[in-house]
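Everything on this sheet refers to the single structure shown next.
No hydrogens, no waters, no symmetry mates; every other heavy atom, side chains included, goes into these values. Just so it is clear, the structure is predicted and the values come from calculations on it, not from any experiment.
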Amino acid sequence: PFCGSGTLAIEAAWMATGMTPGLNRDRFGFQQVKGYNPKYFNQNIEYLDKNIKRELDFRILASDLDKSSLEAAKI
């Protein structure tokens with residue numbers, strides 16, 4: 001009932017599509033840790049990206065009394 005900025009709806013969409021949180025980030029703190037291997041990290045990123053569902057067979061609904069909140073969530 002309270003859409004707000006759309007955080008819950010966006011998180012639901014990410015979960016439903018298999019979108020891993022942070023997948024679009026460029027850097028992570030663990031990349032500075034000794035023993036970090038970019039080869040394995042990049043392989044995992046490629047696998048995760050290939051397995052994202054691009055479309056859902058259901059809708060995710062969110063609502064709010066404040067129209068500006070709905071517009072912000074759509075964006």
Side-chain angles (χ1 to χ4, degrees):
F2 300 104
C3 184
S5 62
T7 302
L8 295 178
I10 291 166
E11 292 282 340
W14 283 353
M15 290 174 68
T17 60
M19 176 74 165
T20 303
L23 191 59
N24 292 327
R25 290 178 54 184
D26 294 328
R27 295 180 305 194
F28 295 89
F30 63 80
Q31 291 171 316
Q32 306 305 314
V33 174
K34 184 178 179 178
Y36 164 72
N37 188 329
K39 174 185 170 187
Y40 296 122
F41 177 73
N42 291 331
Q43 286 175 344
N44 283 311
I45 292 296
E46 288 174 19
Y47 172 81
L48 292 169
D49 189 51
K50 287 179 186 174
N51 289 291
I52 293 173
K53 292 181 186 176
R54 302 297 175 190
E55 293 184 26
L56 297 175
D57 56 356
F58 59 89
R59 293 175 40 181
I60 296 172
L61 303 175
S63 64
D64 200 299
L65 294 176
D66 183 0
K67 290 186 184 215
S68 63
S69 291
L70 292 174
E71 289 304 314
K74 286 177 186 178
I75 292 169

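- Expressed to the nearest 0.5 Å, how far CG of Leu65 lies from CG of Leu70 amounts to 8.5 Å.
- Separation of atoms CD1 (Ile10) and CD1 (Ile60) is listed at 10.0 Å; rounding is to 0.5 Å.
- At least one donor-acceptor pair under 3.5 Å links the side chain of Asn42 to the backbone N or O of Pro38.
- Within a 6.0 Å radius of CZ in Arg27, other residues, nucleotides and ligands contribute 12 heavy atoms or fewer.
- Residues Leu56 and Leu48 do not share a hydrophobic cluster, clusters being chains of Ile/Leu/Val/Met/Phe/Trp/Tyr side chains in contact below 4.5 Å.
- For Ile52 against Met19, the heavy-atom pair with the smallest separation is CD1-SD, 3.5 Å.
- Within a 6.0 Å radius of CZ in Arg54, more than 12 heavy atoms belonging to other residues, nucleotides or ligands are found.
- Heavy-atom contacts from other residues, nucleotides or ligands closer than 6.0 Å to OH of Tyr47 number 12 or fewer.
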